[in-house]
2 protein chains.
Amino acid sequence: MAIPRYTGAVSNAELDDLLEVCKALANPTRLQIMGWLRDPSDHFAPQADPVEEVGVCVKQIQEKAGISQSTASQFMSVLQRAGLVESTRIGQWTYYRRNRERIAALPELLSASL
Amino acid sequence: MAIPRYTGAVSNAELDDLLEVCKALANPTRLQIMGWLRDPSDHFAPQADPVEEVGVCVKQIQEKAGISQSTASQFMSVLQRAGLVESTRIGQWTYYRRNRERIAALPELLSASL
DNA sequence: TTCAAGCATCGGAAAATTCCGATATGACGA
DNA sequence: TCGTCATATCGGAATTTTCCGATGCTTGAA
């Protein structure tokens, strides 16, 4: 049984975490989407449920980004797995919104890692 | 001639910049290297020139990371193009060190973009 | 000048990512 | 119950990234 060695200021889990975030953001469209989600009502048309509460549905993101439906769905999954967005299913829609806590913690994670 | 439209809080150039940073960090080895460069003397053996001043030579990084010489050189180029490290050539060695200003500015860039 | 060390670049095989259309699932309305 | 809409997932072609060995360049010592 190997004894884990203390390797620095940041745990491996945190580094893996940061890596996932970087991979998720290492795509121009996904990075843009994150920007649009900062001010949803500025970038997306009105929809059934209030944008500011639940977020933006996949269809709106797909149209805005000019990508296929399947790609839009996959992109949002990638962002969600990285913890950058949260989702709520209401009826036939899945609404995505920024994960504010997580995003607010990123600068600190960055400062601690590089 | 198209008139550029104001599209939000962050310029396209800044987004491209952030994208390059994310791409550079979206690799486990490169991310690790950035961490090692925070405390070079803790992670690398002594070398001809003082680590704290000029940085770490490619050979040390290569050995620490367990990658080939060519890969080490390429990885450092990627990090440099993203602005994350600076280099100094002294004799036969190329020393790489963190770009402190740039790294210090990252949290703000991040906060402004997502 | 010659040799070796350190680094950068080239060429390419393998792996991962991108992004699509097709298809499946569940919700809603007629 | 059917058909439609929004979304998720599957399978795969195209592109990009990864990472290597081979090669070329520059420096410093002999």
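Numbers restart at 1 for each chain; the letters A, B, ... are given by sequence-line order, proteins then strands. This is a predicted model, so every value here is computed, not measured.
- Both A:I67 and A:K23 sit near DNA chain C, but only A:K23 has its closest nucleotide nearer the 5' end.
- Not one side-chain nitrogen or oxygen of A:K59 sits closer than 4.0 Å to the OP1 or OP2 atom of D:dT7.
- If you take CD of B:Q62 and P of C:dA5, they are 13 Å apart, rounded to a whole angstrom.
- Counting non-hydrogen atoms under 4.0 angstrom, B:S73 reaches a base of the nucleic acid.
- Below the 3.5 angstrom threshold, one finds a donor paired with an acceptor across the side chain of A:Q69 and the base of D:dA8.
- Mapping A:G66 and A:R89 onto DNA chain C by nearest heavy atom places A:G66 at the nucleotide closer to the 5' end.
- A close approach under 4.0 Å does not occur between any side-chain nitrogen or oxygen of B:Y96 and OP1 or OP2 of C:dG6.
- At the phosphate of D:dC19, OP1 or OP2 sits under 4.0 Å from a side-chain N or O atom of B:N27.
- Side-chain contact, A:S41 with A:E52: a donor N or O sits under 3.5 Å from an acceptor N or O.
- Taking atom CZ on B:F75 and atom C1' on C:dT9, their separation rounds to 16 Å, with Å as the unit.
- Within the 4.0 angstrom heavy-atom criterion, base atoms lie near A:T71.
- Note on B:V85 and B:L31: same hydrophobic cluster, where clusters join Ile, Leu, Val, Met, Phe, Trp and Tyr whose side-chain heavy atoms are under 4.5 Å apart, directly or indirectly.
- In this structure, the nucleotide among C:dT17, C:dT9, D:dC10 sitting nearest to the side chain of A:S70 is D:dC10.
- We find that CH2 of B:W93 is positioned 22 Å from P of D:dC25, with the value rounded to whole Å.
- Rounded to whole Å, atom P of D:dA6 lies 19 Å from atom CD of A:Q74.
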### Message
Using side-chain contact (heavy atoms from CB on, under 4.5 Å), reason through B:L114 and B:L18 one step at a time and then give a plain yes or no.
### Response
CA-CA 10 Å; B:L114 33 126; B:L18 181 58; 3.9 Å; yes
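- Note: A:H43 and A:W36 have tilted aromatic rings, judged against thresholds of 30 and 60 degrees for the angle between ring planes.
- Counting non-hydrogen atoms under 4.0 angstrom, B:Y95 reaches nothing in the nucleic acid.
- Nearest-nucleotide positions on DNA chain D place A:A72 closer to the 5' end than the other of A:A72 and B:V78.
- Residue-to-nucleotide contacts include no donor-acceptor pair under 3.5 Å from the side chain of A:S68 to the base of C:dG21.
- In this entry the distance linking CZ of A:R30 with C1' of D:dT16 reads 13 Å, nearest Å.
- In this structure, the CG atom of B:L31 is 16 Å from the C1' atom of D:dT18, given to the nearest Å.
- Atoms CG (B:L19) and C1' (D:dT17) sit 14 Å apart, rounded to a whole Å.
- For A:Q92 and C:dG29, the CD to P distance is 8 Å, given to the nearest whole Å.
- Side-chain N or O atoms of B:Q62 include none that pairs as donor or acceptor with a backbone N or O of B:S73 at under 3.5 Å.
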